[in-house]
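I have placed the structure first, in the form of structure tokens, so that the comments after it can refer back to it.
Both backbone and side-chain heavy atoms feed into the values below; hydrogens, waters and symmetry mates do not.
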Amino acid sequence: MEKYKIKKEQENIRIDKLINELEESISRTSIQRMINDANILVNNKKVNASYKVMCGDIITINKEEPKEISLLPQNMPLDIIYEDDDILIINKEKGIVVHPGNGNPDGTLANAVMAKCKNSLSGIGGKIRPGIVHRIDKDTSRISNNCKK
């Protein structure tokens, strides 16, 4: 648990913005969720993200424990446009999440690619993003992958 006492120069800043400045390791999305879940309190009371802090306010932050995410293969249909020994190009449907994360632990394109490519994905991107190269989000379509058979 972290506590901060608001100074005069911090007055009138939105609490979500101030927490983002004070706690760089907490994402803006997590800050919003923590405020909504009463894990960020002002003077021991729940406030809205738009609350503007006042001099003397005591902000209490109950940090969330990071969740371990693992990537497991899942057989899911893939619209494969091109495939060879080195590359797999997929037409990703809109609405499909690319990588596991908060709220999306599975059912992602990465899970489907893991099932398709078995143990042949390159190590680029680490354990959660193995071999996947993209610049799209879940509401965008089309993706390519570095898949070695």
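In terms of heavy-atom proximity, Met1 sits nearest to Lys3 at SD-CE, 4.1 Å. Considering all non-hydrogen atoms of both residues, Met76 and Thr108 come closest at SD-O, 3.7 Å. In plain terms, the two heavy atoms of Ala49 and Asp16 that are nearest each other are O-OD1, 3.1 Å.
Taking the side chain as every heavy atom from C-beta outward, Leu41 and Asn43 never approach each other to under 4.5 Å. Under the 4.5 Å side-chain criterion, counting only non-hydrogen atoms from C-beta, Asn111 is not in contact with Pro73. Side-chain contact check for Lys63 versus Glu2: some heavy-atom pair is nearer than 4.5 Å. Ile61 is listed as a side-chain neighbour of Met34, based on a closest heavy-atom distance under 4.5 Å. For the pair Tyr51 and Val42, the minimum side-chain heavy-atom distance is below 4.5 Å. In this structure, the side chains of Ile59 and Ile19 come closer than 4.5 Å at one or more pairs of heavy atoms. A 4.5 Å side-chain heavy-atom check between Ile35 and Ile15 finds at least one atom pair inside the cut-off.
To the nearest 0.5 Å, atoms CE (Met114) and CG (Leu109) are separated by 12.5 Å. Rounding to the nearest 0.5 angstrom, the gap separating the NZ atom in Lys5 from the SG atom in Cys55 is 7.5 Å. In this structure, Ile6 CD1 and Ile58 CD1 are separated by 8.0 Å, a value rounded to the nearest 0.5 Å. Separating the CD atom in Glu83 from the CG atom in Leu78 is a distance of 9.5 Å, to the nearest 0.5 Å. For the atom pair Lys92 NZ and Asp79 CG, the distance stands at 12.0 Å (nearest 0.5 Å). Remark: Gln10 CD to Leu18 CG distance equals 5.0 Å, nearest 0.5 Å.
Residues Met54 and Leu22 fall within the same hydrophobic cluster, defined by Ile, Leu, Val, Met, Phe, Trp and Tyr side chains chained together at heavy-atom separations under 4.5 Å. Both Ile96 and Ile80 are assigned to one and the same hydrophobic cluster, defined by single-linkage of ILVMFWY side chains at heavy-atom distances under 4.5 Å.
Sorted pairs that involve residues 39-53 and meet salt bridge (Lys or Arg N to Asp or Glu O under 4.0 Å), not counting sequence neighbours, are lacking altogether.
Within 6.0 Å of atom CD in Glu9, more than 12 heavy atoms from other residues, nucleotides or ligands are found, so the atom counts as buried in its surroundings.
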ask   = Does the side chain to side chain contact (heavy atoms under 4.5 Å, CB included) test come out yes or no for Ile90 and Ile81, once each step is laid out?
value = CA-CA 6 Å; Ile90 300 166; Ile81 296 172; over 6 Å; no

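Residues meeting the side-chain contact (heavy atoms from CB on, under 4.5 Å) test with Ser50, sequence neighbours left out: Arg14, Asn48. The salt bridge (Lys or Arg N to Asp or Glu O under 4.0 Å) check on Glu11 picks up Lys8, with sequence neighbours excluded.
Of the possible polar contacts, none joining the Gln74 side chain to the Ala112 backbone as a donor-acceptor pair under 3.5 Å is found.
No side-chain N or O of Tyr82 forms a donor-acceptor pair with one of Asn91 less than 3.5 Å apart.
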